[in-house]
2 protein chains.
Amino acid sequence: MAGRTVRAEQVSATRELILTAAERLFAERGVYAVSNRQVSEAAGQGNNAAVGYHFGTKTDLVRAIIRKHAARIEEIRARLLAAVGDSTDVRDWVDCLVRPVPEHLAALGSPTWYARFCAQVMTDPALRRLMAEESLSSPSLRQIVEGVRRCLPDMPDEVRVERGDMVRHLIVHVAAERERALAENTPTPRTSWHDAATGLVDAVVGMWLAPVTRGREIT
Amino acid sequence: MAGRTVRAEQVSATRELILTAAERLFAERGVYAVSNRQVSEAAGQGNNAAVGYHFGTKTDLVRAIIRKHAARIEEIRARLLAAVGDSTDVRDWVDCLVRPVPEHLAALGSPTWYARFCAQVMTDPALRRLMAEESLSSPSLRQIVEGVRRCLPDMPDEVRVERGDMVRHLIVHVAAERERALAENTPTPRTSWHDAATGLVDAVVGMWLAPVTRGREIT
DNA sequence: AGCTAAGTCAAGCAGCTGATTTAATTCTTC
DNA sequence: GAAGAATTAAATCAGCTGCTTGACTTAGCT
């Protein structure tokens, strides 16, 4: 159970190999279009059952990939959160909410696959809950929600969670879109992940501050 | 090739049966998690190759489902578009952009599956292009983009397409989220598709009108 | 040095996949 | 009403799936 034996390092190396290969294949071809066999082979494991041995089912593998990144993202989020203190400017809280993912992707260096992977996991009816569980277990995320709430005391609760959901989708899918564009050498609206995040923050702040139509409207 | 023979009606009935069954299964379990065999069986066709006979590959089936709804949605969009004329109010154009999908879902009556289906298709690396092709072929959609452009003459092109992308994702995924909540009997922020659309329009207008941060920002 | 436990590898299993082929049925058309 | 085409049904195919099995290799301990 020790940390630094030769054996343990080899194991964690092949685990890492499998995680990386899986992330790439999943992002490029689709989670369900790729078999555990293909992942094992792409990871350089002659063993066609390596995924099964190290992770179990494909769902477990997906969860492991999520966890691997979640820690780093949570770190970044906590750092940004510490900087905002008890601000009452919505933009400060939106920064905390939006920037961790793009900043993490930037830190990974190009190419990346995690955003496209996440977009699929969030959308798939069977894998959705994995991502949801991971989000719910983040204390910093709850803090941000609370921070936003304090900035917008007059906004009805339903509208605030409604717009929170929108932001959640926006962060992941906009990042995935940009990642795909980078992978395909398609022109992107922004030159860096940081600038892309700024564009997203601009939009999200505007969205969250938008006036709320009450009652009924004409059709 | 005539339209109203008994035979032709039976055929189009079983085609419809297959389309409906596929849409439901795809939405509930995932496009790739469902085999053509399962679709055929769920459609009540003893023939396990019915999908292959009537549609060809799974990609063709997905395309057929998209087309089936696209026509109705395009109709609604054209109707709304005719009503806005040459307005310079962003909200009018956002209405045209956002409302067709929720209005179509409302017209289908509950339960619906199309929104969840679309979310998956839009996200999957292999199926993405199907949805993109369908969108690009819509003249009314281009008109709306042009209308928004005229409302926001000072906004840089990149930012406008950037935010246009955001809206695209928002429409589909917010609808999918609500559809899922309805299917699972989970509470929803809004009581009707129309109200949900209003919430989305509010947010999108705010997003599109948000000020644009120029140049660099502090990290 | 020798034993145990863990990781790797290679092969094989039943089951399901899409696709094709053949047979039976059903409607159209002459 | 019979010929013929089109749809449905049923059986079959090779290929791939996840999963299990057992043999082999190697690290770590006594």
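Proteins get letters first, then strands, A, B, ... in listed order; numbering begins at 1 in each. Fair warning: this is a prediction, and the values are worked out from it, not measured in the lab.
If you measure from atom NE2 of A/H54 to atom P of C/dA6, you get 13 Å, rounded to the nearest angstrom. Atom C1' of nucleotide D/dT7 and atom CG of B/L17 are separated by 14 Å, given to the nearest angstrom. Taking atom CD of residue A/E41 and atom C1' of nucleotide D/dC16, one finds them 11 Å apart after rounding to whole Å. For B/N36 and D/dC16, the CG to C1' distance is 15 Å, given to the nearest whole Å. Spacing between atom OH of A/Y32 and atom P of C/dC16 amounts to 17 Å, rounded to whole angstrom units. Put simply, CG on A/N48 is 10 Å from P on C/dA11, counting in whole angstrom units. Look at CD on A/Q45: it is 18 Å from C1' on D/dG18, rounded to the nearest Å.
Looking at the side chain of A/Y53, the nearest of the listed nucleotides C/dA11, C/dT8, C/dG18 is C/dT8. Checking C/dG18, D/dT7, D/dT12 against the side-chain heavy atoms of B/K58 singles out C/dG18 as nearest. Checked against C/dT17, D/dT7, C/dA10, the side chain of A/N47 finds its nearest nucleotide in C/dA10.
The side chain of B/T14 contributes an N or O atom lying less than 4.0 Å from OP1 or OP2 of D/dT8. Neither OP1 nor OP2 of D/dC16 sits under 4.0 Å from any side-chain N or O of A/S35.
Between the side chains of A/T123 and B/R116, not a single donor N or O lies within less than 3.5 Å of an accepting N or O. Side-chain contact of A/R77 with A/S138: a donor-acceptor pair under 3.5 Å is present, judged by distance alone.
Mapping A/A49 and A/Q38 onto DNA chain D by nearest heavy atom places A/Q38 at the nucleotide closer to the 5' end. Along DNA chain C, the nucleotide nearest to A/R37 and the one nearest to A/G44 differ in position, and the one closer to the 5' end is contacted by A/G44.
By the ring-ring contact (aromatic ring centres under 6.0 Å, His included) test, B/F26 is found to be paired with no residue, residues two or more places apart in sequence or in another chain being considered.
In this structure, the side chain of B/R91 does not engage the main chain of B/V205 through any donor-acceptor pair within 3.5 Å. One N or O on the side chain of A/Q120 and one on the backbone of A/V31 form a donor-acceptor pair closer than 3.5 Å.
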